[in-house]
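Shown next, in structure tokens, is the structure this report addresses.
A note on names: the letters A, B, ... follow the listed sequences, proteins ahead of strands, and every chain is numbered from 1.
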2 protein chains.
Amino acid sequence: MDSAACALCCPARAAHLPMLIDSLTHPTPDALLTFLRAQLHARVTLHLAGEVEVLYAGRATSMAEAGDRLLLLKPDGSLQVHGPRGVKPVNWQPRTDHLSAELEDGCVVLHAERRSPAEVVRVRVIGCAQVTALHLGDEALFLLQGSEAQMQAALARTPDLIEPGLSVLNRELLVGVGGIDLYARDAQGRFVVVELKRGKAGHEAVHQLARYVQAVREQVPGTVRGILAAPDITVPALKVAQAAGLEYVKVEALPQVPEEALQPTLF
Amino acid sequence: MDSAACALCCPARAAHLPMLIDSLTHPTPDALLTFLRAQLHARVTLHLAGEVEVLYAGRATSMAEAGDRLLLLKPDGSLQVHGPRGVKPVNWQPRTDHLSAELEDGCVVLHAERRSPAEVVRVRVIGCAQVTALHLGDEALFLLQGSEAQMQAALARTPDLIEPGLSVLNRELLVGVGGIDLYARDAQGRFVVVELKRGKAGHEAVHQLARYVQAVREQVPGTVRGILAAPDITVPALKVAQAAGLEYVKVEALPQVPEEALQPTLF
DNA sequence: TTTTAGATATCGCGA
DNA sequence: TCGCGATGTCTAAAA
């Protein structure tokens, strides 16, 4: 591999913007090791394209034979190894307590460890086509519309959307294990437990609601109603709800923040 | 931005290995558009570092203001936009039915759509520091040890690991909603419902077991035991289990596939 | 296509 | 740190 020559003859090192810090093409193992050691603990993001083997041991154990992969190392210590398909990495480590690069048998080996849970990912770089160090800067402003938290806030403001005459007593009320999304009282003065789902509700949501309703019934006298509020529900879940004496109310997921309002700002 | 000159003077285009197809540093929007259009539908993996804005609309709606990001486009049509932290992308599209690159107001804009669910991700590239086209080849051999399926198979072979005298009648027995991991009979001839968890079991697992046990009790006469088999359990979950008359049995997660057996193959 | 259950889920919050 | 629940969860398998 005539990689040192390449790295020297065409180094894309001129960083016109502060973002691109350094980049090597087809480096030798030695050059790669020097590069990694210089950048690893420098709050930079590294991506590396090359042929690698990966070994993971922790909650489970996995091994991947040599293959073309894309590595991503972020300044928070997270590591991911991507293959040719899917959003999910082939191997990963969400957070590393210890990260190091060594030379073993002529190959650079990355070692990413974390405790709690005790896990280790070892990446052996057999060949490196390109490695780049970037400064990704701080997190940019990010807005998400349509989360369950926003749905909860909207319905807490206008509980009539669930049922006329409903008045909210609490949000995120802790009752034993877990929290009740909305705790309310209906027009007849009965207590109502409301479980929200931002998407289609499955039977797990019904069971969750059932647990909360039972917990409340053990603590307060009188009738306690349970309402599952979601934009949709699976057929089996609806049957389970009806059998358990729980109600389903269809509510729209998004309080319509229109594209027109977002579009001009961004594009 | 004198990017065209840079792309021409130091193009890391010489692909010493078949993996690296092409790479540009600080391309102009026009050069980037040409590059993307040439590579987008060519079964290659693209990664792009630059300043981008992202707009997502679908199950929810999100917008990210301009920031330094790393884009990853795989040949299966998946797209992900990474920020400086975490394994999870800031924005993504697991699968695209339509992918295109356009020039809008002097900026390259990527458009990734999918139907079912109807979702769209728009990425506006304000500045591109580096873009690379790679051939990641086929998926390499990958082995994972320690899945719940493997645990179930192991315990079905040797149910004595759960309790001496236990004999397995069924695996994945369907009973109403959901399936019983292991259905067995103990030394006294009582029916036993076993729920497995490969990691630490929470109270959800206990409730899941309780549902199955109740379903079985409605169908067969006599005593029905419920056993939660997992390598660990949370304290609240254990209390709930004891209160419900359900048992917890500690089982090791991995049937000992030793590092010694894996290590020599890989390293 | 719909539904379910698993995942090395990840991530963030609250006690 | 642990426990818990949401996630644009993703993903594969089964009905």
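What you find for T234(A) and H203(A) is that their closest heavy atoms are OG1-N, 4.4 Å. Between G83(A) and R69(A), the shortest heavy-atom distance links the atoms CA-NH1, 3.8 Å. Here the shortest heavy-atom pairing between A149(B) and R171(B) reads O-NH2, 4.5 Å.
Distance, M151(B) CE to dA5(C) C1': 15 Å, rounded to whole Å. Summarising the geometry, the separation between CG on D97(A) and P on dT1(D) is reported as 8 Å, rounded to the nearest angstrom. In this structure, N91(B) atom CG and dT7(D) atom P are separated by 16 Å, rounded to whole Å.
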Apply side-chain contact (heavy atoms from CB on, under 4.5 Å) to the pair R198(B) and R59(A), showing each step before the final yes or no.
CA-CA 9 Å; R198(B) 62 166 300 288; R59(A) 286 165 291 181; 3.9 Å; yes
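Using the six-membered ring where Trp is involved, F191(B) and Y183(B) have ring planes that are parallel, under 30° apart on the 30 and 60° scheme.
Of the possible polar contacts, one joining the R217(B) side chain to the V224(B) backbone as a donor-acceptor pair under 3.5 Å is found.
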What does the B/S/- profile of nucleotides 10-15 of chain D look like, 5' to 3', with a 4.0 Å heavy-atom cutoff to protein?
SS---S
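As rounded to the nearest Å, dT4(C) and dT8(C) have P atoms that lie 22 Å from one another.
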Atom pairs, N/O to N/O, protein against nucleotides 2-6 of chain D, distance under 3.5 Å?
residue, atom, partner, partner atom, Å
dG3(D), OP2, K200(B), NZ, 2.8
dC4(D), OP2, T234(B), OG1, 3.3
dG5(D), OP1, Y212(A), OH, 3.3
dG5(D), OP2, H203(B), NE2, 2.9
dA6(D), OP1, K197(A), NZ, 3.1
dA6(D), OP2, K197(A), NZ, 3.3

